[in-house]
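Labels below follow one simple rule: chain letters A, B, ... track the order of the sequence lines, proteins then strands, and each chain is numbered from 1. The basis for the numbers below is simple: all heavy atoms, side chains too, and nothing from hydrogens, waters or symmetry mates.
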2 protein chains.
Amino acid sequence: MISTEEAIEELKKIVKQKGLKYTEQREIVLNILIHAEDHLTAEEVYNEIKSQDNNSNIGIATVYRALSFLEEVDLITSINFGTDGKKYESNAKSHHDHLICTECGKIIEFLDDEIEKRQERIAKKNKFKITSHSMQLYGVCSDCQ
Amino acid sequence: MISTEEAIEELKKIVKQKGLKYTEQREIVLNILIHAEDHLTAEEVYNEIKSQDNNSNIGIATVYRALSFLEEVDLITSINFGTDGKKYESNAKSHHDHLICTECGKIIEFLDDEIEKRQERIAKKNKFKITSHSMQLYGVCSDCQ
DNA sequence: GTCAGTGCAAAAACTTTGCATTTCG
DNA sequence: CGAAATGCAAAGTTTTTGCACTGAC
């Protein structure tokens with residue numbers, strides 16, 4: 001779990017390192033994902049920006065470009081939760097996996113150290129450098145059985 | 001691991017149960033996914049059909065509809081990542097999880113018994129009755145590092 | 001001042017839908 | 001025959017790109 005300030009600092013550092021430019025738009029996109037309750041699509045990020053600041057004239061293309069950039073530098077991650085398309089989340093959050101009830105939609109977050117360890121081991125064995133992972137267990141919760 | 005014939009039988013059964021119709025197109029799509037080495041996009045399935053039978057006049061829309069249908073009845077599964085869009089695989093394969101290279105899109109399948117066991121345990125602890133699960137590890141493969 | 005980044009609009013890519021026609025049961 | 005599914009083309013969506021302009025360094 002990283003604070004907003006730390007994530008923003010990290011972004012500044014990366015941008016500088018690459019000889020690129022720091023822009024408000026990238027910060028806004030990152031900031032929205034850090035504070036989002038949920039995983040957001042590009043369009044949801046765009047709408048969120050518009051709803052936070054009616055006068056913003058940010059373009060959807062900039063949102064897409066910012067998301068691609070932020071994912072490339074590993075500050076955010078995209079995953080897919082099913083049929084909703086690509087969704088993004090900030091990496092500056094404590095990691096967790098999901099138990100999802102297919103009846104009522106309830107989501108329970110959990111973390112299992114042993115699984116995390118074994119994932120690392122599997123990655124190493126396959127010479128993968130893991131950037132993130134996602135795991136969903138689908139089933140029926142106690143209330144719905 | 002289920003044989004092609006069993007999967008086709010299963011499809012016939014489901015279709016009958018639902019009072020729907022058995023069509024060659026759905027069978028072709030399912031068959032292609034069963035024999036595919038890789039995970040395929042809708043377009044790749046379409047191209048594969050065309051390349052197997054030049055005279056086929058199947059439409060891309062039918063492929064999309066067949067894929068949605070097969071996923072709905074749980075004969076195939078889709079996963080989505082990176083820039084390649086949604087990819088499908090047959091469920092008539094032994095269960096496995098995925099290591100996905102975010103650079104080149106390569107997918108490595110793996111299975112870890114210990115993880116499977118712990119997933120069961122977590123489900124039990126939360127009084128969930130698991131129906132399925134999916135796990136993806138995202139990272140950079142040895143070729144792309 | 002330079003050049004990466006932006007906004008806009010247009011293009012490309014991807015997916016779904018409407019409808020006449022065909023096919024399964 | 002009647003309903004479901006198909007093929008095609010057209011319409012929607014989503015994402016990327018070209019280009020002139022702006023702003024960070």
Side-chain angles (χ1 to χ4, degrees), chain A residues 8-9 11-30 32 39-50 53-73 75-76 78-88, chain B residues 8 11-32 39-50 53-73 75-76 78-88 102 105:
Chain A
I8 300 287
E9 281 315 307
L11 173 56
K12 282 183 179 162
K13 206 178 86 191
I14 288 165
V15 159
K16 197 165 194 176
Q17 248 173 17
K18 297 201 163 212
L20 301 178
K21 287 170 185 171
Y22 190 80
T23 67
E24 199 192 351
Q25 288 87 340
R26 285 173 178 169
E27 182 182 318
I28 289 172
V29 169
L30 177 58
I32 282 187
H39 296 228
L40 304 180
T41 63
E43 197 146 4
E44 285 166 347
V45 170
Y46 177 72
N47 291 335
E48 184 60 24
I49 293 172
K50 290 290 193 180
D53 176 6
N54 241 320
N55 295 348
S56 172
N57 64 335
I58 192 170
I60 185 76
T62 299
V63 173
Y64 275 102
R65 283 184 286 227
L67 288 170
S68 296
F69 175 79
L70 291 172
E71 182 169 28
E72 204 177 303
V73 301
L75 285 170
I76 66 175
S78 73
I79 42 177
N80 185 302
F81 265 116
T83 45
D84 291 3
K86 207 170 182 179
K87 294 187 166 192
Y88 293 86
Chain B
I8 301 287
L11 174 55
K12 283 182 179 162
K13 207 179 85 190
I14 288 166
V15 158
K16 198 166 193 175
Q17 250 173 15
K18 298 200 163 215
L20 301 178
K21 288 171 184 170
Y22 190 79
T23 67
E24 200 191 351
Q25 288 88 341
R26 285 174 178 168
E27 182 181 319
I28 290 172
V29 169
L30 178 57
N31 194 45
I32 283 188
H39 300 68
L40 305 179
T41 64
E43 197 146 4
E44 284 165 348
V45 171
Y46 178 72
N47 291 336
E48 185 61 22
I49 294 171
K50 289 289 193 181
D53 176 6
N54 241 319
N55 295 348
S56 171
N57 64 336
I58 191 170
I60 185 76
T62 299
V63 173
Y64 275 102
R65 283 184 286 226
L67 289 170
S68 296
F69 175 78
L70 292 171
E71 183 170 28
E72 202 177 302
V73 300
L75 285 170
I76 66 176
S78 70
I79 64 175
N80 194 324
F81 77 95
T83 44
D84 288 7
K86 210 169 184 177
K87 294 188 164 189
Y88 293 86
T102 53

Would you indicate, yes or no, if [N] has its OP1 or OP2 atom less than 4.0 angstrom from a side-chain nitrogen or oxygen of [X]?
X	N	result
Thr23(B)	dT6(D)	yes
Thr41(B)	dC14(C)	no
Gln25(B)	dT23(C)	no

Would you kindly give the [atom1]-to-[atom2] distance between [X] and [N], to the nearest whole Å?
X	N	atom1	atom2	value
Leu67(B)	dT16(C)	CG	P	10 Å
Glu44(B)	dA13(C)	CD	C1'	14 Å
Gln17(A)	dC25(D)	CD	P	15 Å
Leu20(B)	dT6(D)	CG	P	10 Å
Glu71(B)	dT16(C)	CD	P	11 Å
Glu24(A)	dT22(D)	CD	P	17 Å
Arg26(B)	dT23(C)	CZ	P	16 Å
Lys16(B)	dA4(D)	NZ	P	17 Å

Completion exercise
Per nearest nucleotide of DNA chain C, the residue lying toward the 5' end, Val15(B) or Ser68(B), is Ser68(B)

Practice task
Look at the side chain of Arg26(B) and the backbone N and O of Arg65(B), then say whether any donor-acceptor pair between them is shorter than 3.5 Å.
Solution key: no

Quick check for you: to the nearest 0.5 Å, what is the distance between [X] atom [atom1] and [Y] atom [atom2]?
X	Y	atom1	atom2	answer
Asn57(A)	Ile49(A)	CG	CD1	11.0 Å
Tyr22(B)	Ile8(B)	OH	CD1	4.5 Å
Leu11(B)	Leu70(B)	CG	CG	6.0 Å
Leu40(B)	Lys87(B)	CG	NZ	8.0 Å
Tyr88(A)	Ile32(A)	OH	CD1	14.5 Å
Leu67(A)	Thr62(A)	CG	OG1	10.5 Å

Exercise for the section: Establish whether the base of dC3(C) is bridged to the side chain of Lys21(A) by a donor-acceptor pair shorter than 3.5 Å. Expected result: yes

Detail all sub-3.5 Å separations between protein N/O atoms and N/O atoms belonging to nucleotides 8-13 of chain D.
from, atom 1, to, atom 2, distance (Å)
dC8(D), OP2, Asn57(B), O, 3.2

Handout entry: From dA24(D), dT15(C), dT15(D), nucleotide with atom closest to Tyr64(B) side chain
Key = dT15(C)

Handout entry: Involving DNA chain C, stems made of at least three consecutive Watson-Crick or G-U pairs, both distances under 3.5 Å
Key = C:1-25 with D:1-25

